[in-house]
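Keep in mind that what you see is a predicted model, and the values were worked out from it rather than measured. Order of the sequence lines sets the chain letters (A, B, ...), proteins ahead of strands, with each chain counted from 1.
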Amino acid sequence: RIMRPDDANIAGNVHGGTILKMIEEAGAIISTRHCNSQAGEPCVAALARVERTDFLSPMCIGEVANVSAEITYTSRHSVEVQVNVMSENILTGAKKVTNKATLWYVPLSLKNVNKVLEVPPIQYMRKEQEDEGKKRYEEQKLDRLETKQRNGDVILPVINPEPHTVGYSQSSLIHLVGPSDCTLLGFVHGGVTMKLMDEVAGIVAARHCKTNIVTASVDAINFHEKIKKGCVITVSGRMTFTSNKSMEIEVFVDADPFVDEPRERYRAVSAFFTYVSLSKEGKPLPVPQLLTETEDEKRRFEEGKGRYLQTKAKRQAQMQQAAQ
Amino acid sequence: RIMRPDDANIAGNVHGGTILKMIEEAGAIISTRHCNSQAGEPCVAALARVERTDFLSPMCIGEVANVSAEITYTSRHSVEVQVNVMSENILTGAKKVTNKATLWYVPLSLKNVNKVLEVPPIQYMRKEQEDEGKKRYEEQKLDRLETKQRNGDVILPVINPEPHTVGYSQSSLIHLVGPSDCTLLGFVHGGVTMKLMDEVAGIVAARHCKTNIVTASVDAINFHEKIKKGCVITVSGRMTFTSNKSMEIEVFVDADPFVDEPRERYRAVSAFFTYVSLSKEGKPLPVPQLLTETEDEKRRFEEGKGRYLQTKAKRQAQMQQAAQ
Amino acid sequence: RIMRPDDANIAGNVHGGTILKMIEEAGAIISTRHCNSQAGEPCVAALARVERTDFLSPMCIGEVANVSAEITYTSRHSVEVQVNVMSENILTGAKKVTNKATLWYVPLSLKNVNKVLEVPPIQYMRKEQEDEGKKRYEEQKLDRLETKQRNGDVILPVINPEPHTVGYSQSSLIHLVGPSDCTLLGFVHGGVTMKLMDEVAGIVAARHCKTNIVTASVDAINFHEKIKKGCVITVSGRMTFTSNKSMEIEVFVDADPFVDEPRERYRAVSAFFTYVSLSKEGKPLPVPQLLTETEDEKRRFEEGKGRYLQTKAKRQAQMQQAAQ
């Protein structure tokens with residue numbers, strides 16, 4: 001699909017959220033198709049988790065996004081999908097890898113949305129593929145448990161904040177879930193949620209550094225709770241950490257099923273987004289340091305620094321490996 | 001144009017904001033065409049004001065909206081446009097008047113957006129039409145001055161609010177202004193702003209009464225300040241008054257030109273929206289009374305009551321006149 | 001309606017697909033209204049066929065599209081609609097004919113979507129109008145039978161293709177059918193399908209000649225099979241023929257009802273689109289010749305050449321007639 005002006009910021013860079021939405025749609029289609037490939041109860045694959053994703057190079061208006069998806073592992077009740085996005089400049093023919101993402105889906109029965117069905121197993125070319133997939137499956141299972149416990153936090157409003165403090169750039173939006181946001185089961189597509197999260201995170205980043213910003217990476221996102229059509233969702237973001245050239249923003253999604261539902265507002269998703277600031281020529285700019293005020297802000301800054309250093313170390317290890 | 005699921009709430013009623021957007025687009029086309037009808041500097045008509053508008057009957061998914069527009073008065077620098085919206089059920093052929101709106105536009109030069117051009121005068125059938133138009137022109141001019149002074153208010157966040165208080169239902173959303181939101185001059189279409197305002201007001205109303213709600217009327221809206229492409233706009237709403245069967249919500253639009261601009265965040269628009277609550281059969285439901293806590297909330301409630309009684313008296317006078 | 005940036009390519013020319021979508025919506029409204037004009041079973045008009053359409057002059061961002069529709073013939077079970085599109089520059093007042101299209105609709109019962117209802121006959125001003133309409137009706141009926149047989153072809157992927165070969169530019173996209181894509185009957189609007197077809201054909205054309213391209217014409221399109229909400233549709237295009245200044249692209253639409261349906265993937269629509277390449281000043285550019293490799297490609301090239309020469313001959317005959 002060709003990238004349109006509405007898919008991009010004013011500098012012409014396509015929003016990370018638009019790309020995440022395309023990735024999720026491709027993943028939902030391939031895994032729903034797979035889960036319905038054997039006779040049995042019809043089902044729709046629902047997004048359970050997206051692994052950490054790096055945005056390797058920016059995509060621009062007028063370029064064509066090529067999205068390809070492949071099922072790489074199946075457990076009894078879940079499907080792992082690998083999605084690759086290439087941007088193609090159809091005028092020059094130049095192609096670049098934009099993204100590689102790994103998503104986990106779970107098949108839910110069309111008749112009873114609370115019933116998780118069994119996944120038809122795939123065939124592996126080599127035994128190691130199955131073993132590695134199983135390892136990835138166990139790892140993500142652990143991580144999902146962890147975030148579930150972390151989910152209690154709330155973003156409190158700040159009055160008359162100083163520039164570069166957490167309160168100055170924090171932002172939130174509300175969105176009424178409409179029919180086009182939803183799957184056949186009447187629940188919000190994971191991709192729609194991620195697009196809104198990227199929108200809020202991008203505004204937080206732009207408010208902080210007042211320049212053109214782009215999504216650099218998204219940490220693993222777990223979708224613990226479904227969000228139903230007709231809900232109001234509140235998406236809130238606050239900056240947690242800055243390095244010299246990057247900003248980390250924590251984003252929360254809360255769902256409020258406020259019509260005809262006994263249920264209270266609940267936390268549906270949370271995640272960390274990393275942004276960089278770019279000059280008009282597309283070069284990375286230095287980022288103003290985040291001013292932390294409260295104890296909580298200082299703690300979150302340190303935790304963010306930990307994640308930042310860990311990712312940096314991992315990347316260096318990979319580069320050394322690749323260089324050998 | 002046929003109304004789609006995305007234009008409506010889950011009960012199938014088309015959002016008031018969708019209708020306001022169609023009205024404004026029709027007004028912008030007819031007044032831009034008129035202002036360029038004589039040789040001279042090319043210009044784009046920008047929305048300056050929408051008069052109070054009643055939503056006479058709800059429109060539904062699958063119905064066709066017929067929008068017609070007519071220029072009814074011209075002053076030296078402004079154009080008054082009357083827009084009528086009819087909903088047509090193309091299956092039964094039934095037509096109903098949905099809206100009658102009056103809008104004021106001002107021609108801005110394409111070359112210099114701060115230059116207001118002169119409007120070619122229209123011909124009136126009768127002298128009284130011109131006199132009545134002039135009276136309407138003077139009245140709206142006064143009202144615009146008044147709201148300009150009122151615009152200093154800010155919505156402060158409330159922590160852990162009780163149900164049915166002002167703080168409980170107040171809501172806000174942020175929106176990054178994209179290219180498709182803007183006119184040729186690079187400023188947000190008035191219709192886009194009104195659609196976002198209706199969205200926030202609708203969420204405030206639904207949070208308060210937790211039922212299906214529809215827009216009943218919109219008070220006069222003045223567009224004092226233009227909003228440029230690339231701005232972030234914050235749209236906030238709070239309930240000001242409830243009668244037995246209606247809710248009044250005040251909505252503010254603030255623009256934040258946060259990239260490459262020396263300018264501070266500023267108030268661009270504010271307005272009052274009135275909603276009613278409907279049962280599944282489309283009958284009006286009683287509305288829970290708004291609980292006011294602070295002195296400001298009590299004052300705003302009384303002011304809202306004043307507007308409510310004034311509108312009611314006007315309507316009764318019109319009905320008596322019509323009955324004679 | 002005013003043309004927005006998202007309706008156009010990066011050179012500012014409105015996509016042919018956007019125009020086809022507006023045309024089809026106008027046709028669906030007027031024919032649904034007509035078919036329900038007599039008491040009887042309520043129905044929705046479904047698009048069965050669009051006759052060959054030429055794009056006479058490009059439309060640009062900021063221009064207003066004026067769409068008018070008229071019923072020109074009725075058979076027992078079908079309605080012929082003529083739709084005209086004018087582009088209007090509201091700054092200069094200039095108007096140009098963009099398109100004249102002829103569409104055929106069939107009324108389907110709201111209660112039973114497989115039941116085709118009877119069409120109320122229209123009154124003709126002159127007997128010849130009815131006779132000419134009848135002739136058009138018989139001709140399109142024959143043509144529909146023909147394409148129905150042709151529909152078996154599949155687009156196979158090619159690895160590492162050479163520039164200007166068929167495999168180099170062939171493209172496909174997938175789209176998950178959402179609620180706003182559909183009519184009241186829950187089937188995809190013909191206009192939505194045509195817009196996606198134009199998008200793919202445009203990507204094929206741009207990949208081939210690496211310049212700004214615009215839709216010049218669309219051959220007759222027959223809608224043999226309905227596509228239901230929730231389907232995944234795959235739209236694929238490949239180049240079949242190039243003349244000095246034009247490219248012909250064949251587009252296929254396949255529907256995959258992959259949830260809750262026993263049915264296999266099926267061919268829903270196919271059609272030929274013709275594009276021209278334009279310089280920055282809007283002048284036609286020469287098109288690189290298509291390199292055909294396989295026997296099938298050579299055969300399709302010759303068939304395309306046949307269509308091209310036939311159209312050229314027809315146009316010359318019309319111009320001679322007009323000149324007399």
Side-chain angles (χ1 to χ4, degrees), chain B residues 1-8 10 12 21-22 24-45 60-67 69 88-95 107 109-111 117 120 178-186 189 191-192 229, chain C residues 1-8 10 12 21-22 24-45 60-67 69 88-95 107 109-111 117 120 178-186 189 191-192 229:
Chain B
R1 139 163 145 63
I2 304 178
M3 295 295 112
R4 293 182 297 246
D6 277 3
D7 297 321
I10 37 174
K21 192 164 177 252
M22 286 189 296
E24 201 274 322
E25 182 161 354
I29 290 173
I30 196 172
S31 51
T32 300
R33 186 189 285 152
H34 177 75
C35 293
N36 286 287
S37 62
Q38 292 188 353
E41 228 174 305
C43 62
V44 171
C60 298
I61 296 174
E63 290 186 342
V64 172
N66 291 298
V67 182
E88 178 191 359
N89 182 325
I90 47 175
L91 303 185
T92 64
K95 288 185 187 185
S109 163
L110 245 193
K111 288 166 203 155
L117 299 181
S180 287
D181 298 330
C182 293
T183 66
L184 280 182
L185 290 169
H189 278 290
V192 169
K229 185 159 75 185
Chain C
R1 138 165 147 60
I2 304 178
M3 294 296 112
R4 293 182 297 248
D6 269 12
D7 297 322
I10 37 175
K21 193 165 177 248
M22 287 189 295
E24 201 273 322
E25 184 161 353
I29 290 173
I30 195 173
S31 51
T32 300
R33 186 190 284 149
H34 176 75
C35 293
N36 287 286
S37 62
Q38 293 190 352
E41 228 173 307
C43 62
V44 172
C60 297
I61 297 175
E63 292 186 341
V64 173
N66 290 298
V67 182
E88 178 190 359
N89 182 325
I90 48 176
L91 303 184
T92 64
K95 287 185 189 186
S109 162
L110 245 192
K111 286 165 204 156
L117 299 182
S180 285
D181 298 330
C182 293
T183 65
L184 280 181
L185 290 169
H189 277 291
V192 169
K229 184 159 75 187

Return the option, out of Pro179(B), Gly93(B), Pro5(B), Ala26(B), with the maximum number of heavy-atom pairs under 4.5 Å with chain C.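 The candidate making the most pairs under 4.5 Å is Pro5(B).
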Donor-acceptor pair, Asn89(C) side chain versus Lys95(C) backbone, under 3.5 Å?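 Checking the backbone N and O of Lys95(C) against the side chain of Asn89(C), no donor-acceptor pair under 3.5 Å is found.
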Within the distance-only criterion (no hydrogens, no angle test), does the side chain of Glu63(B) pair as donor or acceptor with the backbone N or O of Cys60(B) below 3.5 angstrom?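 At least one qualifying donor-acceptor pair exists.
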Under 4.5 Å from any heavy atom of chain C - which part of [X]:
X         : result
Cys35(B)  : neither
Leu110(B) : side chain
Ile29(B)  : both

Any side-chain heavy-atom pair from His189(B) and Glu25(B) closer than 4.5 angstrom?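 Answer no - side chains too far apart.
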Are Lys21(B) and Asp7(B) close enough for a salt bridge, meaning some N to O gap below 4.0 Å?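 No, Lys21(B) and Asp7(B) are not salt-bridged.
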Between Arg33(C), His34(C), Met22(C), which has the largest tally of heavy atom pairs under 4.5 Å with chain B?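 With the most close heavy-atom pairs to chain B, the winner is Arg33(C).
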Over all heavy atoms of both residues, which pair between Leu185(B) and Ser109(B) is shortest? Give the atoms and the distance, please.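 So the two residues come closest at CD2-O, 3.6 Å.
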Checking heavy atoms, do the side chain of Leu91(C), its backbone, both or neither come under 4.5 Å from chain B?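 Contact with chain B: backbone and side chain both.
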